[in-house]
**Student:** 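Please see the structure below; I have some questions.
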Number of protein chains: 2
Amino acid sequence: MPTTQAAKDEIVDRLFAVFRERGFEGASLADLSRATGLGKSSLYHHFPEGKEQMAKAVLERAAAVIDSQILGPAQAAGSLKTRIRKIVGTFDQMYAGGTTPCILGQLSSADIGAEARQNLGQALAHWIEAIEKLARDGGVSPVKARHFAEDWVARVQGALVLQAATGEIGPYRRAMNALLDLSKDSAAGAQD
Amino acid sequence: MPTTQAAKDEIVDRLFAVFRERGFEGASLADLSRATGLGKSSLYHHFPEGKEQMAKAVLERAAAVIDSQILGPAQAAGSLKTRIRKIVGTFDQMYAGGTTPCILGQLSSADIGAEARQNLGQALAHWIEAIEKLARDGGVSPVKARHFAEDWVARVQGALVLQAATGEIGPYRRAMNALLDLSKDSAAGAQD
DNA sequence: GTCTATAATAGGATAGAC
DNA sequence: GTCTATCCTATTATAGAC
């Protein structure tokens, strides 16, 4: 593999952006070629199985980012408030303050193949796990923390849908605030 | 217009189902032709501007359904509890108990043209308005009712995204329960 | 590892008969 | 109002030179 990992990562990043904006069916090879600066044939050199393999790589990357930027920080040492602030900052970057779609939502109902679908599921599962950890550390009971996490992730996904449809970012902002509230709630500092 | 309105409605319903399951780019003319039982040329007879016009018709229908089945009942006479129960029942039908995508979410980031996009925005706006009314009748302050409504609609949209990705319907069910809770909350029967 | 060129096919759309 | 036949373009994908 003469190509450096960094160069490959760069390619995947560009593909990531296209799939995120246009979805799977909406992203043509011409789009992907333009975004990466590579000819179609070069794309097939890197991804012999075509678009499905590109989507798989993009979702692998998404899962890796969630593990390192969300789940990792959620489980790290430090005060709950500090961890949550860091994570909210990461979301704001990922979603450009709530103005950019989520790759997971965009590909959630597309024909991306079984392997890519598994990456998608894992990324979502780890995201939920991270929020669940934060809620538990905020003193929420195990069952409620699990539900809070699932519901909060749904809320973010939906907020991004509303943004795409109407341009409004209020729902996204309030979702982020609801996460920040975890460090202010209930019987102060229950577990942390 | 020799075609009966009922027949046209039937066609739009079939198109509706295809766009809902496959999205705009994912729905090919072949898919739409198969689902309606009409040849491509017949589809163009009904919708001379092609797919965009079909999407527009489908979203007009979605807006009409929301007006008559959600916003209407929300503003109707009757106890808050009864109205909410009826509306939740309608959602459960629309989304097959949370197992079917929402046409509004599916088309929210697609290239559907300005007119169709306006129908989409109106459908969402009326949906939010309906929930806002319910929240107000449940005794929630105006500002909070507005936020509750936007956030709840986002939550439902996101719950359907999660369902598509993972098959889980818990988030959808809990969202419906959160609406039902409006008639159980706070200073009993504040406004209703 | 990237390119130009070229298939091969699917997709959107139209013409014209019935 | 629907059909068959056809068109044209975009799209996915491959071959082979550099």
Side-chain angles (χ1 to χ4, degrees), chain A residues 1-59 106-107 109-117, chain B residues 1-59 106-107 109-117:
Chain A
M1 49 226 36
T3 315
T4 69
Q5 187 58 40
K8 186 99 180 192
D9 283 353
E10 176 68 18
I11 294 172
V12 174
D13 277 349
R14 308 285 186 99
L15 299 176
F16 193 119
V18 177
F19 282 124
R20 185 184 54 199
E21 301 307 319
R22 310 190 43 82
F24 185 70
E25 286 84 1
S28 70
L29 281 184
D31 294 328
L32 299 163
S33 173
R34 209 175 312 118
T36 54
L38 293 175
K40 294 177 190 180
S41 304
S42 303
L43 281 177
Y44 275 96
H45 172 75
H46 293 284
F47 308 97
E49 289 155 56
K51 266 173 79 174
E52 279 200 11
Q53 195 177 358
M54 296 180 211
K56 187 185 156 213
V58 161
L59 287 168
Q106 283 287 59
L107 301 188
S109 71
D111 260 21
I112 55 180
E115 291 178 303
R117 186 150 288 277
Chain B
M1 49 231 23
T3 315
T4 70
Q5 188 57 40
K8 187 101 181 192
D9 283 354
E10 175 68 19
I11 294 172
V12 174
D13 277 350
R14 308 284 186 99
L15 299 176
F16 194 121
V18 177
F19 283 124
R20 185 184 55 199
E21 301 305 321
R22 310 190 44 84
F24 185 70
E25 286 86 0
S28 69
L29 281 186
D31 293 329
L32 299 163
S33 173
R34 210 176 310 117
T36 55
L38 294 175
K40 293 181 190 180
S41 305
S42 303
L43 280 177
Y44 275 94
H45 172 76
H46 293 282
F47 308 97
E49 290 155 56
K51 264 174 82 174
E52 280 199 10
Q53 194 177 0
M54 296 180 212
K56 187 184 157 216
V58 161
L59 287 167
Q106 283 287 60
L107 301 188
S109 71
D111 262 18
I112 54 179
E115 292 177 303
R117 185 151 291 277

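Heavy atoms only: backbone and side chains are in, while hydrogens, waters and symmetry mates are out. Naming convention: chains lettered A, B, ... in sequence-line order (proteins, then strands); numbering from 1 in each chain. A quick note: this is a predicted structure, and the numbers were derived from the prediction, not measured.
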**Student:** Let me know the distance between NE2 of His45(A) and P of dA17(D), rounded to the nearest Å.
**Tutor:**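 These atoms are roughly 17 Å apart.
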**Student:** If you check the Lys51(B) side chain, which of dG12(C), dT2(D), dA13(D) turns out closest?
**Tutor:**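 Per side-chain heavy atoms of Lys51(B), the pick is dG12(C).
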**Student:** Quick check: does any side chain N or O of Glu25(A) sit under 3.5 Å from a backbone N or O of Glu25(B), one acting as donor and the other as acceptor?
**Tutor:**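 Judged by distance alone, no pair lies under 3.5 Å.
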**Student:** Mind checking if Ala27(B) touches a base, just sugar-phosphate, or nothing, with heavy atoms under 4.0 Å?
**Tutor:**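 Sugar-phosphate contact only.
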**Student:** In whole angstroms, how far is the C1' atom of dG1(C) from the CG atom of Leu43(A)?
**Tutor:**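 In whole Å, dG1(C) C1' and Leu43(A) CG are 12 Å from each other.
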**Student:** Base, sugar-phosphate or nothing for Gly26(B)? Non-hydrogen atoms, less than 4.0 Å.
**Tutor:**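 If one applies the 4.0 Å heavy-atom cut-off, Gly26(B) turns out to touch nothing in the nucleic acid.
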**Student:** Under 3.5 Å, is there a donor-acceptor pair between the side chain of Lys51(B) and the main chain of Phe24(B)?
**Tutor:**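 Yes, Lys51(B) side chain to Phe24(B) backbone: donor-acceptor pair under 3.5 Å.
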**Student:** Is Lys56(B) positioned over the aromatic face of Phe16(B), cation under 6.0 angstrom from the ring centre and no more than 45 degrees off axis?
**Tutor:**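 Because its charged atom misses either the 6.0 Å distance or the 45° angle limit, Lys56(B) does not stack over Phe16(B).
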**Student:** Using whole Å, report how far CG of Asp111(A) lies from P of dA10(C).
**Tutor:**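 That distance rounds to 15 Å.
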**Student:** Listing time: all N or O pairs from protein to nucleotides 4-8 of chain D that are below 3.5 Å?
**Tutor:**
residue, atom, partner, partner atom, Å
dT4(D), O4, Ser41(B), OG, 2.4

**Student:** Please pick, from dG12(C), dC3(D), dT2(C), the nucleotide with the shortest atom-to-atom distance to any side-chain atom of His46(A).
**Tutor:**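 Looking only at side-chain atoms, His46(A) lies closest to dT2(C).
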**Student:** Within this structure, what is the CG-to-C1' distance between Leu38(A) and dT12(D), rounded to whole angstrom?
**Tutor:**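 These atoms are roughly 17 Å apart.
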**Student:** Please check: side-chain N/O of Thr36(B) versus main-chain N/O of Arg14(B), any donor-acceptor pairing under 3.5 Å?
**Tutor:**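 No, because the side chain of Thr36(B) does not come within donor-acceptor range (under 3.5 Å) of the backbone of Arg14(B).
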**Student:** Judged by atom type as modelled, is there a donor-acceptor pair below 3.5 Å linking the side chain of Asp31(A) to the main-chain atoms of Ser28(A)?
**Tutor:**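 Checking the backbone N and O of Ser28(A) against the side chain of Asp31(A), a donor-acceptor pair under 3.5 Å is found.
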**Student:** Is any side-chain nitrogen or oxygen of Tyr44(B) closer than 4.0 Å to OP1 or OP2 of dT14(C)?
**Tutor:**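 So the side-chain polar atoms of Tyr44(B) never come under 4.0 Å of the phosphate oxygens OP1 or OP2 of dT14(C).
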**Student:** Is it the case that atom CD in Glu115(B) sees more than 12 heavy atoms from other parts of the structure closer than 6.0 Å?
**Tutor:**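 It does not: Glu115(B) CD has 12 such atoms or fewer within range.
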**Student:** Between dG11(C) atom P and Met54(B) atom CE, what is the distance in whole Å?
**Tutor:**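 One finds 14 Å between P of dG11(C) and CE of Met54(B), rounded.
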**Student:** Please confirm whether the backbone N or O of Asp111(B) pairs with a side-chain atom of Arg117(B), one donor and one acceptor, at under 3.5 Å?
**Tutor:**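 Not at all, since once roles are kept as given, no pair shorter than 3.5 Å links the two residues.
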**Student:** Check the distance between dG1(C)'s C1' and Glu10(A)'s CD and give it to me in whole angstrom.
**Tutor:**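 Atom CD in Glu10(A) sits about 16 Å away from atom C1' in dG1(C).
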**Student:** Phe47(A) CZ to dT2(C) P: how many Å, rounded?
**Tutor:**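 For the pair Phe47(A) CZ and dT2(C) P, the rounded distance is 11 Å.
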**Student:** What is the distance from CD of Glu52(B) to P of dG12(C), rounded to the nearest Å?
**Tutor:**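 In whole Å, dG12(C) P lies 12 Å from Glu52(B) CD.
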